[in-house]
Novice: 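The structure that follows is given in the form of structure tokens.
Just the heavy atoms: all of them, side chains too, but no hydrogens, waters or symmetry mates, feed the values below. Nothing here was measured: the structure is a model prediction, and the numbers come from that model. When a ligand or atom number is given, it counts from 1 through the structure's own listing order. Each residue takes its place number in the sequence, starting with 1.
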Amino acid sequence: MHTASDILAGRGRRPGESDDPTSTAPRAFGVRRPVLQSRQVTARRPHHVFAGDRPGEACGVFGVYAPGRRAASLVYFGLFALQHRGQESAGIAASDGQTLTVFKDLGLVAQVFDEASLAGLEGHIAVGHTRYSTTGTTRWENAQPTHRQIGATSVALAHNGNLTNTADLAHELGVGSATTDSDLMTEAIARAVADGRSDGRGLELALVEVLPTFSGAFSLVVMDQGHLIGVRDPHGFRPLTLGRLETGDWVLSSETSALDLVGAKVERDVEPGEMVVIDAGGLRSFRPFPPARPALCIFEFVYFARPDSILDGRSVHAARQEMGRILATEHPALADVVVPVPESGIPAAEGYAQVSGLPYVDGLVKNRYVGRTFIEPSQMLRDRGIRLKLNPIPSTVAGRRVVLVDDSIVRGSTTRQLVQMMRDAGAVEVHLRISSPPYRWPCFYGMDTSDRSALLAARVALDDIADVLGADSVGYLSLPGLLEAVGGGDRSCTACLSGDYPTDVSGASDKFELERVARR
Ligand code: SF4
């Protein structure tokens with residue numbers, strides 16, 4: 001058994017190496033008599049204590065290729081840093097060059113894994129996933145990594161994003177049992193691997209063949225017993241970055257901030273449309289897709305990504321502060337204080353305060369430990385709504401005109417409660433300032449907002465939104481202002497704000513379509 005400090009120090013057993021430190025046994029690379037082990041532990045369904053009305057977050061993916069180290073342990077810490085991207089399930093697949101093992105369950109990373117489960121994930125290659133469901137329900141079968149065994153080859157896949165041709169793909173493959181787009185992708189890849197290649201590059205060649213048949217958003221980390229592969233769809237909707245450990249070994253991560261925790265440095269982004277293959281021969285880059293316009297999700301900057309991450313060369317925190325500065329120029333307010341909605345509203349509120357000259361004060365405190373629980377909250381607690389997550393500080397807002405800065409309004413229910421909370425705490429006026437434009441269009445690329453009728457700005461005229469939310473005024477950042485703040489307008493997806501979808505979404509399915517088909 002290795003302790004967490006052993007793990008971070010790289011004192012795990014090498015693949016094929018004896019626990020005896022004097023052993024000279026060779027490391028076992030390559031594909032030999034693989035045995036896929038997957039464990040299904042008792043599934044417990046986590047409950048949202050308070051889901052709020054933010055768009056559902058994306059997923060987090062992480063991969064490590066590090067000969068001589070326990071890759072799964074590094075992936076564990078990487079997933080820990082990516083927990084904000086998905087809290088429904090977590091999983092890791094690992095290979096020691098011969099055996100590919102998968103362990104996954106519903107719950108947070110720290111709930112799913114302990115030292116015993118990590119000890120069973122041996123080997124120098126590993127991929128991991130934290131899930132927020134955008135296709136399929138929250139159940140063990142839909143947790144990732146997904147996996148298939150094809151003769152001598154085992155494949156595991158972790159996916160961030162959402163396909164927009166899921167139904168077509170399911171029809172073409174004739175798959176009635178796949179319940180998520182990620183499982184469908186794994187099935188398509190497995191079939192291509194099974195098409196009979198024995199030169200050791202089966203997975204690599206299968207991906208080159210199959211990837212162009214996928215449409216929509218997919219940042220993937222994929223592995224077999226001997227390879228770690230990272231893929232970003234041609235538009236690069238979801239981020240994927242490449243890092244290096246101090247040993248020179250490779251790491252793939254949804255966000256740069258997760259590299260910091262495992263001691264890796266940013267090498268570069270995996271480019272939109274790029275596939276990188278990492279094995280004993282080093283790193284190779286492929287371009288399996290026709291060229292396409294880059295379209296990184298602009299909501300990664302607004303809300304999803306951690307503020308300490310770098311996206312497309314731009315600091316997320318700096319971009320959010322700039323959104324606040326521009327917002328103050330576009331929508332000034334006669335007020336006394338600027339109050340952020342923690343936590344993603346904080347940098348924008350700082351920027352707003354800088355430009356407006358109004359004092360920045362903490363008017364809301366976040367209960368940091370509210371998220372998912374395995375104890376079902378009572379109806380009374382549900383009715384308390386946002387107070388489970390945020391509570392006002394009356395001494396900073398009472399008798400004052402408050403500028404309340406938040407990053408977005410999706411359905412509006414949370415925002416209405418926040419405005420009322422400020423009034424209950426004694427604020428005499430509440431002026432809402434939102435550091436993104438009105439969210440009017442559904443997202444089909446990995447955010448859980450496919451029902452347009454639920455979007456506040458799609459059903460209520462702009463002039464009426466302040467009344468609906470109970471605010472004295474509302475000001476949204478303009479789209480040109482947002483593009484200026486992220487510094488890369490022509491490389492962004494803005495579809496939920498503009499209606500301009502970078503891909504054909506006419507075939508996009510709803511979240512549960514595959515499960516309905518599977519039940520027929
Ligand atoms: Fe992001 Fe909106 Fe595009 Fe979805 S539609 S990928 S949330 S910018």
Novice: Can you tell me if N165 uses its side chain to pair, donor with acceptor, with the backbone of S215 under 3.5 Å?
Specialist: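 Checked: pair present.
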Novice: Holding to side-chain contact (heavy atoms from CB on, under 4.5 Å), I want the full list of residues that pass it with A126, two or more places apart in sequence or in another chain.
Specialist: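 Applying side-chain contact (heavy atoms from CB on, under 4.5 Å) to A126 gives A71, A72, V75, I92, A94.
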Novice: Within a distance under 4.0 Å of any heavy atom of I298, pick out the atoms of ligand 1 and give their elements.
Specialist: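 Under 4.0 Å from I298, ligand 1 has these atoms: 8 (S).
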Novice: When the aromatic ring centroids of F299 and Y439 are compared, is their separation below 6.0 Å?
Specialist: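 Yes, ring centres under 6.0 Å apart.
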Novice: Enumerate the atoms of ligand 1 whose separation from the nearest heavy atom of M447 is less than 4.0 angstrom.
Specialist: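 Counting atoms of ligand 1 from 1, those under 4.0 Å from M447 are 7 (S).
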Novice: Please check if any side-chain donor atom of Y445 sits under 3.5 Å from a side-chain acceptor atom of T503, or the reverse.
Specialist: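 Judged by distance alone, the side chains do pair up.
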Novice: So if I apply the side chain to side chain contact (heavy atoms under 4.5 Å, CB included) rule between R232 and each of V276, L296, N160, which one comes out positive?
Specialist: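 Answer to the side chain to side chain contact (heavy atoms under 4.5 Å, CB included) test with R232 among V276, L296, N160: L296.
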Novice: Is C493 close enough to atom 2 (Fe) of ligand 1 that one of its N, O or S atoms comes in under 2.8 Å?
Specialist: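 Of the N, O and S atoms in C493, none lies under 2.8 Å from atom 2 (Fe) of ligand 1, which means no.
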Novice: If the cut-off is 4.0 Å to any non-hydrogen atom of C496, which atoms of ligand 1 fall inside it?
Specialist: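 Those qualifying, in numeric order: 2 (Fe), 5 (S), 7 (S), 8 (S).
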Novice: I need the atoms of ligand 1 closer than 4.0 Å to a non-hydrogen atom of Y445, numbered in the order shown.
Specialist: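 Those qualifying, in numeric order: 6 (S).
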Novice: Between R238 and ligand 1, which residue portion shows a heavy-atom distance shorter than 4.0 Å: side chain, backbone, both, or neither?
Specialist: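 It is the side chain that gets close, since no backbone atom is under 4.0 Å.
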Novice: If the cut-off is 4.0 Å to any non-hydrogen atom of C297, which atoms of ligand 1 fall inside it?
Specialist: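 Answer, ordered by atom number: 1 (Fe), 6 (S), 7 (S), 8 (S).
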Novice: With sequence neighbours left out, what residues match P307 under side-chain contact (heavy atoms from CB on, under 4.5 Å)?
Specialist: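 With neighbours one apart ignored, the set is H317, R320.
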